[in-house]
Amino acid sequence: MGLDAKARKLRDEALARGQKPVADELQGVAKARIAEVLRAVDLETQDMVDTVFALLDDRLASWFPAAPSGVRFCDGASVAHLACHVGILQRGNVKLDREGRDYWIKPLREIGAVEPIFLDSKTRTFLPGHPVPKSPNSAHRLAHEFTLILKAPEQRWRPMLAEWIREEEIRGRRAFQAAQAEETRRKVDTSHVDLIRACVEQYAPHFLPGFEVVYVDDADGDRITDEDRERLRDAGLDLTLGDAMPDVLLYNRELNELWVIEAVTSDGEVDESKRSRMVAFADRYGKEAIGFTTAYPTWKVAAQRQAAHKNIAPSTYVWIREDASKHYRADAFRA
């Protein structure tokens, strides 16, 4: 059952029992307190209030299929989980736009109110950080200290918040989170990140001379960083959250051409859908042409994927990292 259907089923079952899908208070905290706290740090929006409220939900079991018994929603929820909790359970409408996470997760992460965590499917435990970009096992939870502020008595939460948001405290939390994330990165599979970096460092210089990297999606923070925007702007581009986000986007200034690379360890080939969306993107910004490459780490992965899906778009290329000295063009058969 998909997440949308799961959320609607929970909502409908609660309504059928004459109950609200979500209680007015979670862990003793109402939305009014959340709004007050966020207002005090100039972060009050309805999306952020509802996101924090969702992350307090200790009544729902975790929506991660691999989570061990007893793990609750508040122990770790993905962006997709939060989008459904807020949009469907709380509002009785449709889930939030996941790509809008820059507006309802990022600011909370920047001040340390929300922590990035990762469900390790091998150990079935949550680890700090987001070591695998765009992984469905990436999650978020409220920082313990921030939860204490939300739950504090009326006369205590303001001084607690004032201490918590001091710049040196925020810097300390960020440094601690970065160290934890690096430790997690050493423990889990980062093959997708490694393949993306190989595309940038090995494939592009050899097969795409004259092309420069203007966007790389190899981290799990902002989908488009300020540095990305600067490089894109310099190339006459504006990659928006509604566009098909490539793993690597390159630009050749002399030819006024783009090139897209998709690094595939589990899914995400340059199929007809990705190709057509990125062709439209190139046309939108007046580029002369756009090329495409699907990269795989090994022949084994390539064979497994294509035996099952056969979805490489015609007139695009395939590169195998373990056989890096050549790439292959896929052409459609013409009778």
Side-chain angles (χ1 to χ4, degrees), residues 1-38 44-106 108-109 113-127 130 134-144 146-151 220 241 266-267:
M1 180 186 299
L3 286 176
D4 296 45
K6 182 183 183 72
R8 289 192 184 93
K9 183 173 183 289
L10 289 170
R11 178 197 63 195
D12 293 344
E13 288 175 346
L15 293 174
R17 294 191 300 267
Q19 299 173 340
K20 294 182 178 180
V22 183
D24 291 335
E25 292 188 357
L26 293 170
Q27 298 191 48
V29 179
K31 288 188 180 183
R33 166 57 65 83
I34 298 171
E36 278 191 291
V37 172
L38 293 181
E44 184 193 5
T45 69
Q46 194 58 56
D47 284 351
M48 278 193 272
V49 170
D50 292 350
T51 296
V52 171
F53 194 62
L55 287 169
L56 285 167
D57 198 333
D58 59 346
R59 303 186 181 193
L60 277 180
S62 173
W63 287 358
F64 280 108
S69 177
V71 173
R72 303 162 300 170
F73 192 94
C74 63
D75 294 323
S78 72
V79 168
H81 297 164
L82 292 169
C84 287
H85 192 292
V86 171
I88 298 174
L89 288 187
Q90 294 186 45
R91 300 180 183 176
N93 201 341
V94 296
K95 66 180 181 181
L96 294 183
D97 178 6
R98 289 176 60 184
E99 297 298 351
R101 66 188 184 192
D102 283 359
Y103 307 108
W104 43 272
I105 282 290
K106 175 188 172 185
L108 297 168
R109 282 184 55 174
V114 168
E115 300 172 337
I117 56 176
F118 180 80
L119 179 60
D120 184 358
S121 55
K122 293 181 180 178
T123 63
R124 300 181 72 194
T125 57
F126 285 110
L127 301 174
H130 284 173
K134 298 181 283 187
S135 169
N137 285 349
S138 291
H140 297 87
R141 69 182 172 204
L142 290 180
H144 177 66
F146 188 72
T147 304
L148 292 180
I149 293 169
L150 295 174
K151 297 167 73 171
D220 204 73
L241 294 174
S266 59
D267 60 15

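What you see is a predicted model, and the numbers here were worked out from it, not measured in a lab.
- Residue V49 comes nearest to E44 through the heavy atom pair CG2-CG, 4.2 Å, listed as atom of the first residue, atom of the second, then distance.
- W104 is listed as a side-chain neighbour of L96, based on a closest heavy-atom distance under 4.5 Å.
- Between C84 and D4 the shortest side-chain heavy-atom distance falls below 4.5 Å.
- Residues F126 and V71 are in side-chain contact: their nearest non-hydrogen atoms beyond the backbone lie under 4.5 Å apart.
- Partner of D47 under the salt bridge (Lys or Arg N to Asp or Glu O under 4.0 Å) criterion, out of K95, K106, R91: R91 alone.
- Between L10 and P21 there is no side-chain heavy-atom pair separated by less than 4.5 Å.
- Here the straight-line distance linking atom CG of D12 with atom CD1 of I88 works out to 10.0 Å at 0.5 Å rounding.
- Of all the heavy atoms in F146 and V52, the pair that sits closest is CE2-CG1, 4.3 Å.
- Residue E25 holds its CD atom at 12.5 Å from NZ of K31, rounded to the nearest 0.5 Å.
- Taking each heavy atom of G76 and F64 in turn, the nearest pair found is O-CE1, 3.4 Å.
- Residues H85 and L60 meet the side-chain proximity criterion, which asks for heavy atoms closer than 4.5 Å.
- Remark: D57 does not engage R72 in a salt bridge, criterion side-chain N to carboxylate O under 4.0 Å.
- Between A80 and L3, the shortest heavy-atom distance links the atoms CB-CD1, 3.5 Å.
- The CZ atom of F53 sits 13.5 Å away from the CZ atom of R33 when rounded to the nearest 0.5 Å.
- Looking at every heavy atom in both residues, W63 comes nearest to A7 through CH2-CB, 4.0 Å.
- Listed by chain and number, the residues in a side chain to side chain contact (heavy atoms under 4.5 Å, CB included) with A77 are L55, F73, H81, L82 (sequence neighbours excluded).
- Annotation for L150 and V29: closest pair O-CG2, 3.7 Å, computed over non-hydrogen atoms.
- Note: D120 CG to T125 OG1 = 5.5 Å, rounded to the nearest 0.5 Å.
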### Task
Could you check V114 against L142 for side chain to side chain contact (heavy atoms under 4.5 Å, CB included), going step by step and ending with a plain yes or no?
CA-CA 5 Å; V114 168; L142 290 180; 3.9 Å; yes

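- Checked by atom type and distance alone, the side chain of Q90 pairs as donor or acceptor with a backbone atom of D50 at under 3.5 Å.
- Under the 30°/60° scheme for interplanar angles, the aromatic rings of H130 and H140 are found to stand perpendicular.
- Between R141 and D75 no salt bridge is recorded (no basic side-chain N to carboxylate O distance below 4.0 Å).
- Between the CG atom of L56 and the OG1 atom of T147 there is a distance of 6.0 Å, given to the nearest 0.5 Å.
- Atom CG of N137 sits about 5.0 Å away from atom CZ of F118, to the nearest 0.5 Å.
- Residues P116 and R109 meet the side-chain proximity criterion, which asks for heavy atoms closer than 4.5 Å.
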### Message
Let's go through K9 and K6 carefully: what are the C-alpha distance in whole Å and the side-chain angles of both, what is the deciding distance for side chain to side chain contact (heavy atoms under 4.5 Å, CB included) to 0.1 Å, and is it a yes or a no?
### Response
CA-CA 5 Å; K9 183 173 183 289; K6 182 183 183 72; 5.8 Å; no

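- Although no hydrogens or angles enter the test, the distance criterion places a donor-acceptor pair under 3.5 Å between the side chain of R124 and the main chain of A67.
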